[in-house]
Novice: 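Provided herewith is a single structure, encoded as structure tokens, for subsequent inquiry.
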Amino acid sequence: MANRNLEKMASIDAQLRQLVPAKVSEDDKLIEYDALLLDRFLDILQDLHGEDLKETVQEVYELSAEYEGKHDPQKLEELGNAITSLDAGDSIVVSKSFSHMLNLANLAEEVQIAHRRRNKLKKGDFADENNATTESDIEETLKKLVVEMKKSPQEVFDALKNQTVDLVLTAHPTQSVRRSLLQKHARIRNCLTQLYAKDITPDDKQELDEALQREIQAAFRTDEIRRTPPTPQDEMRAGMSYFHETICAPLIQFSSWMGGDRDGNPRVTPEVTRDVCLLARMMAANLYYSQIEDLMFELSMWRCNDELRVRADELHLSAKKDTVAKHYIEFWKKIPANEPYRVVLGDVRDRLYQTRERSRHLLAHGHCDIPVEATFTNVEQFLEPLELCYRSLCACGDRAIADGTLLDFLRQVSTFGLSLVRLDIRQESDRHSDVMDAITKHLDIGSYHEWSEEKRQEWLLSELSGKRPLFGPDLPTTEEIRDVLDTFHVIAELPPDNFGAYIISMATAPSDVLAVELLQRECHIKHPLRVVPLFEKLADLEAAPAALARLFSVDWYKNRINGKQEVMIGYSDSGKDAGRFSAAWQLYKAQEELINVAKEYGVKLTMFHGRGGTVGRGGGPTHLAILSQPPETIHGSLRVTVQGEVIEQSFGEQHLCFRTLQRFTAATLEHGMHPPISPKPEWRALMDEMAIIATEEYRSVVFKEPRFVEYFRLATPELEYGRMNIGSRPAKRRPSGGIETLRAIPWIFAWTQTRFHLPVWLGFGAAFKHVIEKDVRNLQMLREMYNQWPFFRVTLDLVEMVFAKGDPGIAALYDKLLVSPELWPFGEQLRAKYEETKNLLLQVAGHKDLLEADPYLKQRLRLRDSYITTLNVCQAYTLKRIRDPSYDVKERPHLSKEPMEISKPADELVTLNPTSEYAPGLEDTLILTMKGIAAGLQNTG
């Protein structure tokens, strides 16, 4: 197809080539991929909305590219004038266009990453740059362990088969892209990949190009905006869809918080927890059902061992009498007696059908007539006939067949069981204390809330050691207490393989854990969940080792855990509490101390890392994030959350999924067999000193500056965050209050949108400046730490990456438009700290420019900058119009050739969102800019 826009795109291409470095390597096709998608989209835009609107998009892009070239604030003003001259309908179309182009740029990147990986595999070249934004693969890890570390292949194999990695998918509201769009993006990605495949015929190329245009148009015509917030059940369905599409990993386990995380989310009720568990079992049975049918047609052999023959004969006989399986009797009659594998697998399919239908009926009606014995109630029942088929094939000389689809299916069932994932339950410690207080008052023995920790433990242990029921139906309850108790009753009601851990947030003492143990017993949970304390804020992390030691000193509890304990550490709230620098160091030290406590008491400790997607919430590349953890803190056992948009980035495409699973496996293996070095005593002393300064600097701004909250809410879209409807959980723990009540996700999200990223870097500069001015020799020590200590290097490299995504000039525009003039000096002070911190960071890292050690990432970021800047300017001016309705905006004629649903004349736009109190079109424009910026920065919260 001819490039109809080639001449008019020449100026854009010229701007791009000025901004983007030349090819980084021979296999670099990113600019080529991006240009193709952009050209196809502009064709579509012109067809739908006419030449004038397409030229408007080109004009604002060129202004943005000029700004990126020189960072002249005048260009931002020109860009603002161009954007505000649009009417409401055209403003929506332009915002949607740039958001869409950023999504296309991300797809081009993903295809390029997969292309690079394929080339590396062909060449056998696994060398990568040593920085936190580049990740190695399992081939490189195995080579390092065997060749460089002189580990035997048997040692590596034994370590690999004994390690456990549990990825916990969460529904934290950071995935801003709707699921329907993600599916269209996947098809665009596939078309682009195939278009550049070798040996493609002209006919195939034309067909793929037409398919590519259809999918780009379909994505553009899909409403990006969620008009209502998702329910926890919706979040769970979206999360589970990845298991159908890309995930299959025997070395990895999966868990979920979707529908189980009730910490501050009133929408996660006991009924919701019950629903998502039943829904997961129904989805799992449905997934397996189709695969069993494929296996039945594949395993048509007649040779089998005696064990299988006896089972097949028994099933043939019983099927004729079994009324439960009557819908399959005709099918059974058609299976020849000399096809025993089909007979056995037919029974498996029958029980899967009943398992699915029972869950479906319970979900829809709350009751079901299908007897439990007709279903699979545990995974062992499911695996047994499959393993029988495998043994029989091997015994008859058909191991090659056994090791094909059947073995893959066995691994899949072993990994995902009957529920796809195990659901964790999370609740705040205070909610359990409220239940205990109600019980003790009902028993007339006092107020649990008023008891000391020693008295609480004494009473809890006496009840745990006894057998009497603690309370009955006459216990006076509030709605909150009933919610806690009903959650335990749901756990007791459902099969135990539905559940994983019971996590206690805001845990501080052994009684928090013992209270949950007692409630599990009182609610008749036959297979109690393991109880996991979560330590989040700085003070809680500091006190965590002592709390764990007290817990292990309790004989009853030590006997209960059978030598194994899990502890969760929170990256989000610790960062919000003290800043990224101090939080990272305290998390490091807490892990070391917790491991030492566990060793002292002979307990194997598994660390559960509650990481977010952004650097401000502990996010970062998988491999080096794991390898930067303290020595002996993983030991082949790791749990980590995968949150929001990171789920799509990690598992949304087959090659990305495989790479993600490899990296978790490889990093866990390498950390155990080749642990990172421990920091020198002088490094620790310097870190302790810097952490004190960093915490003081961070808290002096965020919590002690009287007008900080006012400035934050004026200078960012924090107040408007909730309108995105990207999660079921409220943005705040409490409706009123300041930063302390705001959840970590919107806190990070708001600063990310303005390209200022304050929670990530604030504190670093003050810490560096303090120790360097105190003794110039400390600069050399910092450089030594950067070059030799993985933890310190990863921490700084990730902050450097954030600076590469930042732009204080954009933040200054938000101030100019949205912040009251008396607060402008405060914003200027913060931007001065930003520049000072960036320069000090580069000095410590020994870099002249940001990301000079990672040309691939530098290229990708610069390619997106001009798109993001357009959306930033559009967002800032839209916020101005929303917050100040009297703001004067010049009128211009409507440019669209053919209005579409998202591009209506201003007098019609009010019907798009009748509940909005904003002027017509402004809310949609604002949300589109939020989504586009999030897509461009590849971070929301």
Novice: I would like to know whether Glu148 and His674 meet side-chain contact (heavy atoms from CB on, under 4.5 Å); could you show each step before the answer?
Specialist: CA-CA 10 Å; Glu148 298 176 24; His674 179 51; over 6 Å; no
Novice: Please report the shortest heavy-atom distance between Leu102 and Gly936, naming the atom on each side.
Specialist: CD2-CA, 3.6 Å
Novice: Among residues at least two apart in sequence or on other chains, which ones pass ring-ring contact (aromatic ring centres under 6.0 Å, His included) with Tyr67?
Specialist: His71
Novice: Checking Phe764 now: which residues fulfil ring-ring contact (aromatic ring centres under 6.0 Å, His included) with it, not counting sequence neighbours?
Specialist: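 Counting only residues at least two positions away or on another chain, Phe764 forms a ring-ring contact (aromatic ring centres under 6.0 Å, His included) with Phe581.
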Novice: Can you name the salt bridge (charged side-chain N to carboxylate O under 4.0 Å, His left out) partners of Lys75, sequence neighbours left out?
Specialist: Glu66, Glu78
Novice: Could you pull out all residues at least two apart from Arg883 that satisfy salt bridge (charged side-chain N to carboxylate O under 4.0 Å, His left out)?
Specialist: Glu720
Novice: Please check if the distance between the ring centroids of Tyr786 and Phe792 is under 6.0 Å.
Specialist: no
Novice: Classify the side-chain pair Glu592/Thr633 by whether it contains a donor and acceptor separated by less than 3.5 Å.
Specialist: no
Novice: Would Lys816 and Glu77 pass as an ion pair if we require N to O under 4.0 Å?
Specialist: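 Answer for the salt bridge query: yes.
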Novice: Under 4.5 Å between any side-chain heavy atoms of Arg639 and Met607, yes or no?
Specialist: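 A side-chain contact under 4.5 Å is absent here.
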Novice: Using a 6.0 Å cut-off, check whether atom NZ of Lys833 has over 12 heavy atoms from anything other than its own residue.
Specialist: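 Not more than 12 within 6.0 Å, no.
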Novice: Suppose we screen for side chain to side chain donor-acceptor pair (under 3.5 Å). Which residues come up paired with His609, at least two apart in sequence or across chains?
Specialist: Tyr571
Novice: Once salt bridge (charged side-chain N to carboxylate O under 4.0 Å, His left out) is applied, do any residues pair with Glu689, and if so which ones, sequence neighbours excluded?
Specialist: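 Only Lys774 meet the salt bridge (charged side-chain N to carboxylate O under 4.0 Å, His left out) criterion with Glu689.
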Novice: Please report the closest heavy-atom contact between Trp761 and Leu830, naming both atoms and the distance.
Specialist: CH2-O, 3.5 Å
Novice: To the nearest 0.5 Å, tell me how far Leu534 CG sits from Glu536 CD.
Specialist: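 Reported value, rounded in 0.5 Å steps: 4.0 Å.
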Novice: Could you work out, with side chain to side chain donor-acceptor pair (under 3.5 Å) as the rule, every residue matching Lys880, not counting sequence neighbours?
Specialist: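 With neighbours one apart ignored, the set is empty.
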Novice: For the aromatic rings, using the six-membered ring if either is Trp, is the centroid distance between Tyr711 and Trp824 under 6.0 Å?
Specialist: no
Novice: Please report the interatomic distance CD1(Ile772) to CZ(Arg777), rounded to the nearest 0.5 Å.
Specialist: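 Taking CD1 in Ile772 and CZ in Arg777, the distance rounds to 14.0 Å.
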Novice: For residues Trp747 and Phe712, establish whether the separation of their ring centroids is below 6.0 Å.
Specialist: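 Centroid separation for Trp747 and Phe712: below 6.0 Å.
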Novice: Does the side chain of Asn839 reach to within under 4.5 Å of the side chain of Gln843, using non-hydrogen atoms?
Specialist: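 No - every pair of side-chain heavy atoms lies 4.5 Å or more apart.
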Novice: Using the six-membered ring wherever Trp is involved, compare the ring planes of Tyr61 and Tyr867 and label them parallel, tilted or perpendicular (cut-offs 30° and 60°).
Specialist: tilted
Novice: Taking the six-membered ring for Trp, are the ring centroids of Trp683 and Trp585 within less than 6.0 Å of each other?
Specialist: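 Here the rings of Trp585 and Trp683 have centres that are no less than 6.0 Å from each other.
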Novice: Can you name the residues that form a side chain to side chain contact (heavy atoms under 4.5 Å, CB included) with Thr508, not counting sequence neighbours?
Specialist: Asp512, Asp540
Novice: Tabulate below the donor-acceptor pairs under 3.5 Å that side-chain atoms of residues 844-851 make, not counting sequence neighbours, or state none.
Specialist:
unit_1: His847; atom_1: ND1; unit_2: Glu800; atom_2: OE1; d: 3.0
unit_1: His847; atom_1: ND1; unit_2: Glu800; atom_2: OE2; d: 3.2

Novice: Test of understanding: with side chain to side chain donor-acceptor pair (under 3.5 Å), list the residues that count as partners of Ser99, not counting sequence neighbours.
Specialist: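 Only Glu224 meet the side chain to side chain donor-acceptor pair (under 3.5 Å) criterion with Ser99.
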Novice: Checking Glu852 now: which residues fulfil salt bridge (charged side-chain N to carboxylate O under 4.0 Å, His left out) with it, not counting sequence neighbours?
Specialist: none
Novice: According to side chain to side chain donor-acceptor pair (under 3.5 Å), who are the partners of Thr660, at least two apart in sequence or on a separate chain?
Specialist: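 Thr660: no side chain to side chain donor-acceptor pair (under 3.5 Å) contacts found.
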